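Residue numbers count from 1 along this sequence. Note: hydrogens, waters and symmetry copies are ignored here, and every other heavy atom, side chains too, is used. Please read these numbers as outputs of a predicted model, since none were measured by experiment.
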Amino acid sequence: MTAFQPQPVRHDSRLLPWRTLALTLPALLLYWLLGPAPEALVYEREAIAAGEWWRLLTGHWVHSDLQHLLFDVAGLAITAYLFEKPPLWQLLLLLATATVVIDAWLWWQMPWMQAYCGLSGLLNALLACGLLTLWRSRNDPAYLLIGSLATLKIAVEISQGNAIFTSTAWAAVPEAHAAGLVAGLLAGTLFIWLESNLTPDSPNVHQKHHN
């Protein structure tokens, strides 16, 4: 399976990383226009309960301070680049799945969490899905090692109750990172299954045709 092999960037062709740019620019623009943690856009439990449902989406794209923004955007740019070549629907489905899973975790498993913002949960979903599909296609143990280190980092952060490498205006929520990681693994497993069972050159498809 080669769907998740990133392509080189060429400035004179369609191989520019348009999807990566499309994902990173909204976060940058929102911070530039509205500043840190805009009150109307962050995930705020009481406001969501009152009907402000858009916060379930926008809360992932605003940030508490400049360090938070730059750290998340840098991570997003790296992980999103894995999804320049695959079909666009895979990237959109992954982002939608991660958004729903993270929001559901915050709402039902962390009812004391009154406010949240940031891209880190989504970028962990991109990382997990990208690493899983790359490992499946290339069988390189380096991808498993990176994934294991990312999982260990999140586990340590959960045990400590804060991020290891950053200190931002709002405390980190490593549980949201873990929820994003799970969402990415679920989406990656689905993509691998679809690739294995529904592509024309799949042995399973051939077997069904012969039967």
Would you say Trp89 has more than 12 foreign heavy atoms packed within less than 6.0 Å of its CH2?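 More than 12 within 6.0 Å, yes.
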In the hydrophobic clustering (ILVMFWY, side-chain contacts below 4.5 Å, transitive), which residues join Ile154, or is it alone?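 So far as hydrophobic clustering goes, Ile154 is joined with Ile158, Leu181.
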Applying ring pair (Phe, Tyr, Trp, His ring centres under 6.0 Å), name anything that partners His68, two or more places apart in sequence or on another chain.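 So His68 forms a ring pair (Phe, Tyr, Trp, His ring centres under 6.0 Å) with His63.
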Ring pair (Phe, Tyr, Trp, His ring centres under 6.0 Å) involving Trp112 - partner list, sequence neighbours excluded: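 For Trp112, no residue satisfies ring pair (Phe, Tyr, Trp, His ring centres under 6.0 Å) once neighbours in sequence are set aside.
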Determine whether a donor-acceptor pair (N or O, by modelled atom type, separation under 3.5 Å) exists between the side chain of [X] and the backbone of [Y].
| X | Y | value |
| --- | --- | --- |
| Asp72 | Gly118 | no |
| Tyr31 | Leu66 | yes |
| Trp105 | Gly180 | no |
| Glu46 | Gln114 | no |

Leu23 and Leu91: side chain to side chain contact (heavy atoms under 4.5 Å, CB included), yes or no, with the steps? CA-CA 10 Å; Leu23 289 179; Leu91 175 59; 4.2 Å; yes
Taking all heavy atoms of [X] and all of [Y], pick out the closest pair and write down the distance.
| X | Y | result |
| --- | --- | --- |
| Gly184 | Leu94 | CA-CD1, 3.9 Å |
| Leu69 | Ala27 | CD1-O, 3.6 Å |
| Ala98 | Ala125 | CB-CB, 3.5 Å |
| Pro141 | Asn139 | CD-O, 3.6 Å |
| Arg45 | Leu106 | NH1-O, 3.7 Å |
| Gly35 | Pro38 | O-CD, 3.5 Å |

Passing option when Leu126 is tested against Ile78, Leu131, Leu76, Leu82 for side-chain contact (heavy atoms from CB on, under 4.5 Å):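 It is Leu76; the other options fail the test.
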So, using salt bridge (charged side-chain N to carboxylate O under 4.0 Å, His left out) as the criterion, who are the partners of Glu157 when residues are at least two apart?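 With neighbours one apart ignored, the set is Lys153.
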Who are the salt bridge (charged side-chain N to carboxylate O under 4.0 Å, His left out) partners of Arg19, not counting sequence neighbours?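 Checked Arg19 against salt bridge (charged side-chain N to carboxylate O under 4.0 Å, His left out); zero matches.
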Inter-residue atom distance [X].[atom1] - [Y].[atom2], 0.5 Å rounding:
| X | Y | atom1 | atom2 | value |
| --- | --- | --- | --- | --- |
| Thr24 | Tyr81 | OG1 | OH | 13.5 Å |
| Met110 | Tyr116 | CE | OH | 9.5 Å |
| His177 | Thr151 | NE2 | OG1 | 13.0 Å |
| Arg136 | Thr189 | CZ | OG1 | 11.0 Å |
| Arg138 | Thr133 | CZ | OG1 | 9.5 Å |
| Trp18 | Glu84 | CH2 | CD | 10.0 Å |

Tell me whether [Y] is reachable from [X] by hopping between hydrophobic residues (I, L, V, M, F, W, Y) whose side-chain heavy atoms are closer than 4.5 Å.
| X | Y | answer |
| --- | --- | --- |
| Leu198 | Phe191 | yes |
| Leu57 | Leu122 | yes |
| Val100 | Leu95 | no |

Could you go step by step and tell me if Leu93 and Thr97 meet the side chain to side chain contact (heavy atoms under 4.5 Å, CB included) rule? CA-CA 6 Å; Leu93 179 58; Thr97 301; 3.9 Å; yes
Test side chain to side chain contact (heavy atoms under 4.5 Å, CB included) on Thr99 and Leu56 and set out the steps. CA-CA 8 Å; Thr99 299; Leu56 294 170; 5.7 Å; no
Any residue meeting side chain to side chain contact (heavy atoms under 4.5 Å, CB included) with Ala37, in chain and number order, not counting sequence neighbours: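 Per chain and number, Ala37 pairs via side chain to side chain contact (heavy atoms under 4.5 Å, CB included) with Val42, Trp170.
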Can you check side chain to side chain contact (heavy atoms under 4.5 Å, CB included) on Ile48 and Trp107, steps first, answer last? CA-CA 10 Å; Ile48 294 170; Trp107 189 264; 3.9 Å; yes
